[in-house]
Amino acid sequence: MMDVAVAGSLHLDIMVAAPRLPARDETLMGKAWHMKCGGKGGNQAVAAARFGASTAMGGQTGADDFGARLRANLEAAGVDISHLDTDPAAGSGMSVAITEAAGEYGAVVVSGANLTIRTDGLAQRWRGLWAAKVLLLQNEVPDAVNLAAARAAKAHGARVILNAAPARPLAHALMELVDILVVNRLEAAMLSDTATPEDARAALASPVRDVVLTLGGDGLMAMTRDGRRFDLPALPVRLLSSHGAGDCFCGALAARLASGEPLEAACRFASTAAGLFVSTPEADQPRLDRAAVERAMGLRQT
């Protein structure tokens, strides 16, 4: 049985280094740029594979150079791409992300082929995904795709994780199928209509799912379906860039849950993984694996 199936987005990111984000109507001179394979779905699939899970992905690219790069990146990370569709008309998804000198970033996404995934016949086209222990979803593909994937996976006994990012209203039918909801401050505030993380945690609590609220450098807080709360601190690190941290967390969380770890232990691992990720130069991030995280957690001798 496969460990983790990811149904979601693929974007080729154009990364721009700049001293800060530009103001409205301002032309700001940047320092450098490079391409990086991304999309929340792609990033989370790569992270799950790096942290030890056998991983496959369902999604869609265009029939273009960006799509070829995205597929090659997944394969290089050990992700099964046999369930990726191709839209011959729509271009592959892409984004432009501006990273500030302090490590924070802002981005604009053009979804392209991610928005044209056909839901008719999806359960059959992606049938190899449904035997996974964990299905990981995000909000960068249409609700109908997430709903069809969640229904198919739940019918085969999978555990469904929804990373509700970017923030948008969630269909009740989808939420009924979600076992673990992962949100950050902004997403939690929007979904709960509350002002503080503590209030959001309480408002999002449900007897049918667990809620994990990530807080960046402030760690995370969670509420289990049986009403148990726990808070975890972040790994103290020097931030280089927060870009992709949430995706690293979600992929690591899915990998550890698929291995049989309970939620709190899986969250501790994922939080440590994200801390290492944001404090590691981008060129070295592919070397982060389960052993590196366990060393940081003090579970393995150096």
Side-chain angles (χ1 to χ4, degrees), residues 4 6 8-21 28-53 55 57 61 65-81 92-109 138 140 165 214 216-217 234-256 269-297 300 302:
V4 176
V6 179
S9 58
L10 290 162
H11 301 114
L12 193 72
D13 299 329
I14 309 300
M15 307 294 298
V16 178
R20 55 178 172 78
L21 297 182
L28 182 68
M29 301 305 294
K31 297 180 178 179
W33 72 274
H34 66 280
M35 290 190 291
K36 180 179 180 180
C37 292
K40 291 187 177 298
N43 287 342
Q44 293 179 17
V46 167
R50 284 180 181 163
F51 295 121
T55 306
M57 178 158 184
T61 68
D65 178 65
F66 280 18
R69 289 173 181 267
L70 291 166
R71 290 166 183 261
N73 179 69
L74 291 171
E75 284 193 301
V79 177
D80 179 350
I81 65 168
S92 295
M94 63 84 66
S95 76
V96 177
I98 299 175
T99 302
E100 297 180 326
E104 298 297 333
Y105 79 100
V108 175
V109 174
Q138 320 81 33
E140 287 186 336
T214 60
L235 184 71
V237 296
R238 176 175 170 268
L239 175 68
L240 295 181
S241 173
S242 62
H243 186 256
D247 295 333
C248 176
F249 177 91
C250 290
L253 179 69
R256 299 316 301 152
F269 180 97
S271 180
T272 304
L276 291 178
F277 186 87
V278 302
S279 59
T280 298
E282 184 178 321
D284 296 327
Q285 287 172 347
R287 299 189 184 96
L288 295 177
D289 58 11
R290 177 180 172 181
V293 177
E294 289 179 341
R295 284 194 296 270
M297 297 173 69
R300 221 176 245 201
T302 57

[Y] and [X], any side-chain heavy atoms less than 4.5 Å apart:
{"X": "Leu28", "Y": "Arg20", "answer": "yes"}
{"X": "Leu235", "Y": "Ser271", "answer": "no"}
{"X": "Phe66", "Y": "Thr61", "answer": "no"}
{"X": "Leu240", "Y": "Thr280", "answer": "no"}
{"X": "Val109", "Y": "His11", "answer": "yes"}
{"X": "Thr99", "Y": "Met15", "answer": "yes"}
{"X": "Met57", "Y": "Asp80", "answer": "no"}

Distance in Å, [X] [atom1] paired with [Y] [atom2], rounded so as to fall on 0.5 Å steps:
{"X": "Met297", "Y": "Leu276", "atom1": "CE", "atom2": "CG", "result": "10.0 Å"}
{"X": "Ser95", "Y": "Ile14", "atom1": "OG", "atom2": "CD1", "result": "7.5 Å"}
{"X": "Gln285", "Y": "Ser241", "atom1": "CD", "atom2": "OG", "result": "7.5 Å"}
{"X": "Leu12", "Y": "Cys37", "atom1": "CG", "atom2": "SG", "result": "5.5 Å"}
{"X": "Asn73", "Y": "Leu10", "atom1": "CG", "atom2": "CG", "result": "9.0 Å"}
{"X": "Trp33", "Y": "Ile98", "atom1": "CH2", "atom2": "CD1", "result": "14.0 Å"}

Original post:
For the side chain of Glu100 and the backbone of Pro19, is there at least one donor-acceptor N/O pair under 3.5 Å apart?
Top reply: no
Could you tabulate the donor-acceptor pairs under 3.5 Å formed by side-chain atoms of residues 38-53, not counting sequence neighbours?
| residue | atom | partner | partner atom | Å |
| --- | --- | --- | --- | --- |
| Asn43 | ND2 | Gly39 | O | 3.4 |
| Asn43 | ND2 | Asp247 | OD2 | 2.9 |
| Gln44 | OE1 | Gln138 | NE2 | 3.2 |
| Gln44 | NE2 | Asn163 | OD1 | 3.0 |
| Gln44 | NE2 | Asp247 | OD1 | 3.0 |

Original post:
Out of Val79, Thr55, Leu253, which one pairs with Val4 under the side chain to side chain contact (heavy atoms under 4.5 Å, CB included) rule?
Top reply: Thr55
**OP:** Kindly give the heavy-atom pair with the smallest separation between Ala245 and Val278, and that separation in Å.
**Re:** CB-CG1, 3.4 Å
Subject >> Considering all heavy atoms, the nearest Gly216-Ala234 contact >> reply: O-CB, 3.6 Å
Subject >> Verdict with reasoning, Glu294 to Arg290, per salt bridge (charged side-chain N to carboxylate O under 4.0 Å, His left out) >> reply: CA-CA 6 Å; Glu294 289 179 341; Arg290 177 180 172 181; 2.9 Å; yes
Original post:
Val293 and Leu288: side-chain contact (heavy atoms from CB on, under 4.5 Å), yes or no, with the steps?
Top reply: CA-CA 7 Å; Val293 177; Leu288 295 177; 5.9 Å; no
Subject >> Residues in salt bridge (charged side-chain N to carboxylate O under 4.0 Å, His left out) contact with Arg287, at least two apart in sequence or another chain >> reply: Asp284
